[in-house]
Amino acid sequence: MAAVSHEGERVLRGIPVSNGVCRGKLLVWRKAEAEVPHWELREDEIPAEIERLERALVATRQQLLDVQRRVREVMGAQEAGIFDAHLLVLEDRVLVDEVTRLITEERLNAEYAYHLVAQKYMAALAAVEDEYLRERVADMRDVTARVLSHLMGRAHGVELAHLHEPVILVAHDLTPSDTVQMDKSKVLGFATEVGSQTSHTAILARSLGLPAVVGIPHALRELETGQYALLDGFNGLLILHPSDQTLFEYGQLVRRQLTLEEKLREVVDQPAVTLDGHRVWVLANIEQAEDVEAVRLSGAEGVGLFRTEYLYINRDHPPDEEEQFQAYRKVAVALRPQPVIVRTLDLGGDKFLSHLVAQQEMNPFLGWRAIRLCLQQPEMFGAQLRAILRASAEGNVKLMYPMISGLEELCQANELLEQCKAQLRERGQPFNESIEIGAMIEIPSAALVADALARRVRFFSIGTNDLIQYALAVDRMNERIAHLYEPTHPAILRLIRRTVEAAEAQGLRVSVCGEMAGEPVLVPLLLGLGVHELSAAPPLVPRIKYVIRRIRMAEARALAQWALECESAREILQRSRDLAREAAPLLFEARTVTL
Ligand code: PEP
Ligand code: MG
């Protein structure tokens, strides 16, 4: 609920997920409304509008046929049959005639006319007794979304590509396909109704170094575009019409932040070594080849996680081998001899090639995702593997599989990799014959069989974002249960420790590339558990180094040893916080504000 504190000022509370403070105008992005613009046509515009409608129907038909073909190839004829129903809806003459009538007689633009007629149909279908007919509502909704997106001549979320002034973006949620084309230079911060520490909005905000607050109840209802607000990503507040007193308080906080940033700049060129001489490697997570500059500026010692899905989303066809090779090569060359760990495709979950998969799965995070999807799409996966292999000839590239749940998937992936190597040899294209292959440990079963996996890879990278969600059965995107998403839960610490032990037995290195690695409070605990490397969003890298350079490894080990015996996630968090705060008080003082 919104709380009123100072006069005229309203404070909305959410979950702080990315540090920083910004002030500016709000842009309240209501996706559904934004997608159906409404205007009146001039008489002479009507014929062209009908033509536009027809072109959109033809394009939608072609798209449905394409999707149907691909589904048939991958999933079989029965699943592909769903699209026959979609095609029938699309070609329904009564519906199309009604839309045409609204365009000619009511002078409505085609998208609005189609939207109105489709809404009427859906309401009528939803009300009938017949179950078969009721189920057609979903077909109708899908077809309508496709027709509208063709009519508007833009992909999902494209309006975010044309922001006219700097704004604090308020939305229900922001998915990768919403943000991939967003003009990030015009965004001051993010505020969303749903989400948690590891949802896409949070990860994106941290990688851009922007403040973000998620899980603000009813933000879309409470807020309007154009209102002036202050967003506090340290404390999870969105303050509408901030008073002079509030602005003064935040002015102080921003000054403390600037002092801190100066201190942080000093560690950029320094290694992450603890006070008692223990060397740690701090790397960066990236999502696009262009992020390489941010990696350099952050002082990271390479890329610990290159999320490659962003090359694939918001397009109907995957990028080919050459396009991917160029992207991976760019990063490898720019950073060599530093390592670049390219993670193979992790589509599914909240990242999709089209909306097809999302709509058909009950539990996308437990579904057709990442390595599972790739192993069933050997042609697409092969192209990516070859692209990564080729990039390994030009820099220190390593390859990592996501969402490995057991030995079989790892072996299958490696088999395909060997075939790809053979193909490259045949083509005479160079690659690093001893490229290091790693597995992400982000499913509890992988942590439990880490000893077997360790015999077949060269490194592990623990994906705590997923490991926590799967081990604790807490949806990483759901703000309602965000309080249950506890990185310091004893079960998580034991899974991490077990992974480290399995790795150490084979002389492997272990990194953490989930969001846990970027939280200074948790860094000593992870090191104490035996983790060798940390990888986080570039803006977080200096903070991690700063903490590492102020702690003793002996203290970190003692903390971890105690934590492995402790039964309470909260107590572990509290002790971790005490240690980090004592070692690096500046990091904590700079974020408090007394409202
Ligand atoms: C993780 O799960 O911790 C991880 C790094 O992968 P992603 O956030 O891309 O799922
Ligand atoms: Mg993951």
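No hydrogens, no waters, no symmetry mates; every other heavy atom, side chains included, goes into these values. Both counts, for ligands and for their atoms, begin at 1 and track the order of listing. Throughout, numbering of the chain's residues begins at 1 and tracks the sequence.
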Does at least one non-hydrogen atom of Met403 fall below 4.0 angstrom from an atom of ligand 1?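 Not so, Met403 does not reach ligand 1.
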Just to be sure I read this right, does ligand 1 sit under 4.0 Å from the backbone of Leu305, its side chain, both, or neither, counting only heavy atoms?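 Just the side chain.
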Using heavy atoms and a threshold below 4.0 Å, how should the contact between Ile462 and ligand 1 be classified: side chain, backbone, both, or neither?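 The answer is neither; Ile462 stays 4.0 Å or more away.
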How close do Val331 and Ala289 get, heavy atom to heavy atom, and via which atoms?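 So the minimum-distance heavy-atom pair works out to CG2-CA, 3.6 Å.
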Residue Asp466 atom name (nearest to the Mg ion (ligand 2); N/O/S):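 Answer by atom name: OD2.
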Atom nearest to the Mg ion (ligand 2) - Glu442, N, O or S atoms considered: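 Nearest N/O/S atom of Glu442: OE1.
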Have a look at Gln469, His200, Arg307, Met516 and point out the one with the heavy atom closest to atom 7 (P) of ligand 1.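 Nearest heavy atom to atom 7 (P) of ligand 1 lies in Arg307.
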Does any donor atom in the side chain of Tyr546 or Gln270 lie under 3.5 Å from an acceptor atom in the other side chain?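 Per modelled atom types, Tyr546 and Gln270 side chains form no pair under 3.5 Å.
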Between Asn414 and Tyr401, do the side chains contain an N or O donor and an N or O acceptor separated by less than 3.5 Å?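 Asn414 vs Tyr401: donor-acceptor pair found between side chains.
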Polar contacts were defined as any N/O atom of the residue lying under 3.5 Å from an N/O atom of the ligand; does this apply to Thr464 and ligand 1?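 Yes - when backbone and side-chain N and O of Thr464 are compared with those of ligand 1, one distance drops under 3.5 Å.
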Does ligand 1 come near enough to Glu309 that some N or O of the ligand is less than 3.5 Å from an N or O of the residue?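 So ligand 1 has no N or O lying under 3.5 Å from an N or O of Glu309.
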Throw together a table of side-chain donor-acceptor distances under 3.5 angstrom for residues 504-514, partners on residues two or more places apart or in other chains.
unit_1, atom_1, unit_2, atom_2, d
Arg509, NE, Glu533, OE2, 3.1
Ser511, OG, Ser461, OG, 3.1

Step-by-step salt bridge (Lys or Arg N to Asp or Glu O under 4.0 Å) determination, Asp346 to Arg372: CA-CA 9 Å; Asp346 184 6; Arg372 303 162 177 189; over 6 Å; no
